[in-house]
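Everything below concerns the one structure shown next.
Computed over heavy atoms, backbone and side chain alike; hydrogens, waters and symmetry mates excluded.
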Amino acid sequence: MDRIPIPKLTAPEISNLWASYMTDSMSICGMRYFLEHLKDDRIRAIVEFALQLALDHMQKLSSIMTLEGYPLPAGFTDQDVNLEAPRLFSDNLILMYIGHMAKLGLSSYSLTLATSTRHDVVDYYTEAITSSMQLHNQSQALGLEMGIYVRAPVIELPEQVDFVHDKSFLGAFLGHKRALLGVEINHLFHNMKRNALGKALILGFCQVAKSEDVKKYFEKGIHLSQKQVDVFGKTLLEDSQPAPMLWDAEISASVVSPFSEKLMMFHVSALIASAIGQYGASISGSPRKDLVLDYTRLGAEIMQYAEEGTLLMIRKGWLEYPPQSVDRRKLTHT
């Protein structure tokens, strides 16, 4: 009986596999470094689990891409991590970082699964969602137990069903604004939380970076993250809602870099890409006009920041070419 031929990978499938390989190779470097300095055994167990997931992912991704005949990305290797570098981030910050990355994994894997059709790719991302869910739940549960995971605000329950009767529901750019909806609080709170964590990460990167242009890029990222934290925090406080904490104090005084500047730049680029997607979702879930304006304005600023980072990585020779289609114009040009 003849074997059914395996269909070629589609453009989104190979692109997503490539991106997953890059991210997991980066994660392996980070987890290995974290394990050198963790003191809390409970957090260590979670980081060990995260490292094993990334190693398993790399093996499966390599198998699928090799079967397709697609060259494996250079990604990140032992050359991109210095395991002898002193501690840069606290145990608490590492735990929150792991939880944040698990959330990003859940979001990106779900979108990727929805655009995949080949059985081995579908199976891979189905398993990846399950394992990311486990990592997320474990890190969140421990964060709650330790009292460092800040839950989103609570709102009063309505006494009855009500309907919108006038356009004030959409708010205004100036003057009185209606109280925030629960979904708007969710987006504001979690966008602020992401920016607070991102700021701490970039602050640590800036502290250990040696190249002047890379350090200046990170400095701009610190200011941009703080600006977004301020905007979201102000909106929450105006509605008498609590704001999440900052993590700047969870960084050591070390100036020895545990990671290559190529890895740190790639990581910041990945966080920016995620933030742009989150702001799009926030706009769609926020009827109030002033919130839409804030997300649009802040989104444009981080898109500009992303472009500056891409140009810097190109100048440095650090930007790997993602999968792309054949340039037919170039091939047919005479």
Side-chain angles (χ1 to χ4, degrees), residues 13 16-67 70 72-85 87-113 116 119-146 148-149 197 201 204 258-260 262-264 266-267 270-271 274:
E13 286 171 341
N16 291 327
L17 292 168
W18 183 91
S20 294
Y21 186 101
M22 293 289 291
T23 301
D24 279 305
S25 68
M26 177 196 72
S27 296
I28 290 170
C29 294
M31 300 308 131
R32 290 178 60 211
Y33 167 70
F34 294 155
L35 288 171
E36 291 293 317
H37 298 286
L38 280 168
K39 299 177 181 178
D40 191 312
D41 289 338
R42 297 168 299 175
I43 300 176
R44 174 178 293 277
I46 290 176
V47 175
E48 287 174 344
F49 178 54
L51 174 59
Q52 190 56 56
L53 288 181
L55 291 170
D56 291 344
H57 288 174
M58 286 285 285
Q59 188 274 322
K60 293 173 182 175
L61 290 166
S62 298
S63 296
I64 297 174
M65 296 175 78
T66 300
L67 177 64
Y70 194 93
L72 296 180
F76 301 97
T77 67
D78 292 346
Q79 302 301 313
D80 294 292
V81 59
N82 176 14
L83 299 180
E84 297 180 358
R87 167 189 287 265
L88 183 59
F89 304 115
S90 72
D91 285 17
N92 290 349
L93 182 56
I94 290 172
L95 177 62
M96 291 298 99
Y97 168 83
I98 295 295
H100 177 66
M101 296 306 290
K103 280 186 174 68
L104 294 185
L106 281 171
S107 176
S108 63
Y109 290 154
S110 297
L111 291 173
T112 300
L113 179 61
S116 301
H119 69 89
D120 54 347
V121 180
V122 170
D123 289 345
Y124 170 74
Y125 283 111
T126 300
E127 294 175 5
I129 289 173
T130 300
S131 57
S132 293
M133 191 181 304
Q134 292 175 329
L135 181 61
H136 168 267
N137 292 345
Q138 289 179 17
S139 59
Q140 179 175 273
L142 180 56
L144 287 168
E145 179 185 327
M146 296 173 63
I148 61 173
Y149 184 94
L197 188 60
L201 191 71
F259 307 118
S260 68
K262 171 189 171 185
L263 184 149
M264 293 189 291
F266 175 86
H267 199 349
L271 292 176
S274 172

Donor-acceptor contact present, side-chain Ser131 to main-chain Ala128, <3.5 Å: yes
Salt bridge flag under 4.0 Å for residues Arg32 and Asp78: yes
Residues Glu48, Met31; criterion side chain to side chain contact (heavy atoms under 4.5 Å, CB included); working and verdict: CA-CA 7 Å; Glu48 287 174 344; Met31 300 308 131; over 6 Å; no
Phe76 and Lys262, any side-chain heavy atoms less than 4.5 Å apart: yes
Closest contact, heavy atoms only, Tyr33 versus Leu88: OH-N, 3.0 Å
Distance-minimising heavy-atom pair for Ile28 and Ala54: CG1-CB, 3.6 Å
Side-chain (Asp24) to main-chain (His57) donor-acceptor, under 3.5 angstrom: no
Inter-residue atom distance Met65.CE - Leu67.CG, 0.5 Å rounding: 12.0 Å
Gap between atom CE of Met264 and atom SG of Cys29 - 0.5 Å precision: 12.0 Å
Side-chain donor or acceptor of Ser274 paired with backbone N/O of Ala270 under 3.5 Å: no
Separation between CG of Asp120 and CG of Leu17, rounded to the nearest 0.5 Å: 8.0 Å
Full working for side chain to side chain contact (heavy atoms under 4.5 Å, CB included) between Leu201 and Phe89: CA-CA 8 Å; Leu201 191 71; Phe89 304 115; 3.9 Å; yes
Nearest heavy-atom neighbours spanning Leu72 and Ser62: CD2-CA, 3.8 Å
Interatomic distance, Ile129 atom CD1 to His136 atom NE2 [nearest 0.5 angstrom]: 14.0 Å
Verdict with reasoning, Tyr125 to Ser20, per side chain to side chain contact (heavy atoms under 4.5 Å, CB included): CA-CA 10 Å; Tyr125 283 111; Ser20 294; 2.8 Å; yes
Partner of Ile98 under side-chain contact (heavy atoms from CB on, under 4.5 Å), chosen from Leu135, Leu93, Ile43: Leu135
Under 3.5 Å: donor-acceptor pair, side chain of Asn137, backbone of Gln134: no
Evaluation steps, side chain to side chain contact (heavy atoms under 4.5 Å, CB included), between Asp40 and Met146: CA-CA 11 Å; Asp40 191 312; Met146 296 173 63; 4.0 Å; yes
Short N-O contact, Glu36 and Arg87, less than 4.0 angstrom: no
By ring pair (Phe, Tyr, Trp, His ring centres under 6.0 Å) - contacts of Tyr97 (at least two apart): Phe34, His267
Which atom of Pro73 lies closest to which atom of Met22, heavy atoms considered: CB-SD, 3.7 Å
For Ser139 against Gly99, the heavy-atom pair lying closest together: OG-CA, 3.3 Å
Shortest non-hydrogen separation from Phe259 to Gly30 and the atoms involved: CE2-CA, 3.8 Å
Separation of Gln140 CD from Tyr149 OH (nearest 0.5 Å): 4.0 Å
Separation between CG of Leu113 and OH of Tyr124, rounded to the nearest 0.5 Å: 12.0 Å
Min side-chain heavy-atom separation Leu263-Ser260 under 4.5 Å: yes
Donor-acceptor pair, side chain of Arg44 and main chain of Leu35, under 3.5 angstrom: yes
